[in-house]
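Atom set for the values below is all heavy atoms of this structure, side chains included, hydrogens, waters and symmetry mates excluded.
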Amino acid sequence: MTPAPHRSHTDDLLAFIAASPSPYHVVASAAQRLEKAGFRELLGTDDWTGASGGCFVSRAGALIAWYVPEGAPAHTPFRIVGTHTDSPNLRIKPAPDTGSSGWRQIGVEIYGGVPLNTWLDRDLGISGRLALRGGPDGTPRSSLVQIDEPLLRVPQLAIHLDRTVNDGVALDRQRHISPIWALGDPREGELLRLVAAAAAGEDPADVLGWDLMLHDIQQPGYLGADREFVVASRLDNQVSVHAGVSALVDAATGVTEPSFVPVLAAFDHEEVGSGSETGAQSPLLERVLSRSVSARGGSDEDWSRALAGAFCVSADMAHAVHPNYAERHDPDHRPLPNGGPTVKVNVNQRYATDSTGIAMFTAACERAGAPWQPFVSNNAMPCGTSIGPLTAARLGVTTVDVGVPGLSMHSARELCGVDDPGHLAAILGAVMTGA
């Protein structure tokens, strides 16, 4: 068996995914890697005057990071990689302790476009963050929670009780998706006590709120006769976040200084429309980039020039052709794993790609020595979207939508090719540096 050329990158990706079961953990994992590479975190309330080199701002499940090359004028154009940190899943309700018929259960809401059947009969842990009293100036402090233990399960109904199950599973989103975790009557505050203890032994009385979710505890891994596939939860879109972090670190620590200001924008809430303070519809990226120009003594004119020369790559997972449902794909656009990232086109602007964006991205592919594939949806099928059109509209910059092709998108466990995450990172590196 010949080792995949990008196996070391993909090994690192799997470690990143395992450490990042929630958007808040994705940000923490990315921040840790950036700090190790010499980046420093800036707070929104800080004075950024003179800030240069590698910097990042984090807010809940979003992170904006950038690197200013030494001596770069304030009007130096941006090269932006846009991604998102969230994935469809089951999220815990504010009053979670519930139950029925002698079972203790946890109440959940469905976040994003979840194929619910993929969450049945899986061993589930809990992750997310707690908001706790005791922060400076009376503001809550935050604590991450990650319980990688088989705590919960959404049980499938036995076939003996539903002989038509193979004709199609009909799941009621309210009645059929509550996971079980114990026997007996519901115990108010039981979940809170568990997660508070898991969050470095916090006092449950100090917990003022939470953003908690369930995750499949099965570890990421490799699959196939030649181990040419990656299987994991949350490939959409941690493949792209990890590739963006890797590319930015390489740009900042390489032998040659980049010709641009490389930027990574990792937003939250893409799976539910991006309409939040940390989503791509917010002014977060625009404000951070504007302040980065001002911090280096730049004027409004410098800011306008930096945007006028900017280019954005929106990186999000894409669909590989499904061998059992090939009719659902465009017959002339059938991407396969390990054939390189796809360039996603939709003339109705569900993707922001145009010919200029294609030309700029494919030139970067050539410089990186990496393949790419075109993607267009079947005209008879609805087309997904990404942060690309939102970012293009907010900033007014040329944007191209791309993504690693995979199967089982939004499933509790997804699949992609072992080479493509490394191809994407190499291409993004070429975009960010111009080299």
Side-chain angles (χ1 to χ4, degrees), residues 10-30 32 61 85-93 96-98 103-112 114-130 143-156 171 176-183 190-202 210-223 227 229-239 241-242 271 317 406-416 421:
T10 308
D11 285 344
D12 191 59
L13 167 65
L14 299 191
F16 184 92
I17 292 172
S20 309
S22 78
Y24 316 109
H25 289 83
V26 174
V27 169
S29 295
Q32 183 181 46
T85 62
D86 59 320
S87 302
N89 59 13
L90 306 180
R91 303 212 168 184
I92 295 175
K93 291 181 176 180
D97 301 296
T98 187
W103 293 89
R104 301 210 302 274
Q105 296 173 274
I106 296 299
V108 295
E109 284 191 276
I110 297 163
Y111 178 84
V114 179
L116 295 175
N117 62 298
T118 70
W119 285 80
L120 301 179
D121 296 336
R122 290 186 177 272
D123 299 334
L124 304 173
I126 296 174
S127 58
R129 65 171 182 168
L130 303 178
S143 181
L144 295 183
V145 177
Q146 182 171 352
I147 306 175
D148 290 324
E149 299 177 10
L151 287 176
L152 304 110
R153 183 182 181 90
V154 183
Q156 171 89 277
L171 296 171
H176 296 156
I177 307 301
S178 294
I180 60 171
W181 75 330
L183 293 170
E190 183 175 30
L191 178 75
L192 176 58
R193 289 188 290 273
L194 178 87
V195 297
E202 298 287 355
W210 60 67
D211 301 289
L212 295 173
M213 57 207 71
L214 308 187
H215 65 274
D216 184 355
I217 66 169
Q218 185 176 1
Q219 290 295 298
Y222 295 97
L223 179 140
R227 297 294 186 265
F229 306 118
V230 172
V231 284
S233 301
R234 305 180 300 280
L235 291 177
D236 179 17
N237 189 30
Q238 291 190 32
V239 165
V241 177
H242 177 264
E271 299 293 359
M317 287 290 287
L407 297 178
S408 307
M409 189 184 292
H410 289 193
S411 170
R413 197 161 175 87
E414 301 164 317
L415 177 149
C416 73

Checking side chain to side chain contact (heavy atoms under 4.5 Å, CB included) for the pair V239/L13: CA distance, chi angles, key distance, verdict?
CA-CA 7 Å; V239 165; L13 167 65; 3.9 Å; yes
Can you tell me how far apart [atom1] ([X]) and [atom2] ([Y]) are? Round to the nearest 0.5 Å.
X: W181; Y: I126; atom1: CH2; atom2: CD1; result: 6.0 Å
X: E109; Y: K93; atom1: CD; atom2: NZ; result: 6.5 Å
X: N117; Y: I177; atom1: CG; atom2: CD1; result: 9.0 Å
X: S87; Y: I17; atom1: OG; atom2: CD1; result: 9.0 Å
X: R104; Y: L183; atom1: CZ; atom2: CG; result: 7.5 Å
X: E149; Y: L124; atom1: CD; atom2: CG; result: 13.0 Å

Hey, is the main chain of [Y] close enough, under 3.5 Å, to the side chain of [X] for a donor-acceptor pair?
X: T98; Y: Q105; answer: no
X: D121; Y: Q156; answer: yes
X: R129; Y: L144; answer: no
X: S411; Y: T118; answer: no
X: Y222; Y: D11; answer: yes

Side chains of [X] and [Y], heavy atoms from C-beta outward: is any pair under 4.5 Å?
X: R234; Y: P21; value: yes
X: H242; Y: P421; value: no
X: R153; Y: D123; value: yes
X: L214; Y: I106; value: no
X: S178; Y: W103; value: no
X: D86; Y: Y111; value: yes
X: V26; Y: F16; value: yes

Test side chain to side chain contact (heavy atoms under 4.5 Å, CB included) applied to L194 and I147, step by step
CA-CA 10 Å; L194 178 87; I147 306 175; 4.2 Å; yes
Within a reach of under 6.0 Å around CD of Q32, are more than 12 heavy atoms found that belong to other residues, nucleotides or ligands?
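Counting neighbours around CD of Q32, 12 or fewer heavy atoms of other residues, nucleotides or ligands fall under 6.0 Å, so no.
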Identify the two heavy atoms, one from [X] and one from [Y], that lie closest to each other, and give their separation to 0.1 Å.
X: V145; Y: V195; result: CG2-O, 4.0 Å
X: P23; Y: T85; result: CB-OG1, 3.4 Å
X: C416; Y: M317; result: CB-CE, 4.1 Å
X: S233; Y: D216; result: OG-CB, 3.8 Å
X: Q146; Y: A19; result: OE1-O, 3.6 Å

For [X], salt bridge (charged side-chain N to carboxylate O under 4.0 Å, His left out) partners two or more places apart:
X: D97; answer: none
X: D148; answer: none
X: R193; answer: none

Among residues at least two apart in sequence or on other chains, which ones pass side chain to side chain donor-acceptor pair (under 3.5 Å) with [X]?
X: S29; value: S20
X: S22; value: H25
X: E271; value: H410

Applying side chain to side chain contact (heavy atoms under 4.5 Å, CB included), run through W119 and I110 and close with a yes or a no.
CA-CA 11 Å; W119 285 80; I110 297 163; over 6 Å; no
Where do H215 and I217 land on the side chain to side chain contact (heavy atoms under 4.5 Å, CB included) test, with the steps shown first?
CA-CA 6 Å; H215 65 274; I217 66 169; 4.1 Å; yes
Residue that, paired with I92, satisfies side chain to side chain contact (heavy atoms under 4.5 Å, CB included) out of L191, L152, D211:
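Among L191, L152, D211, the one meeting side chain to side chain contact (heavy atoms under 4.5 Å, CB included) with I92 is L191.
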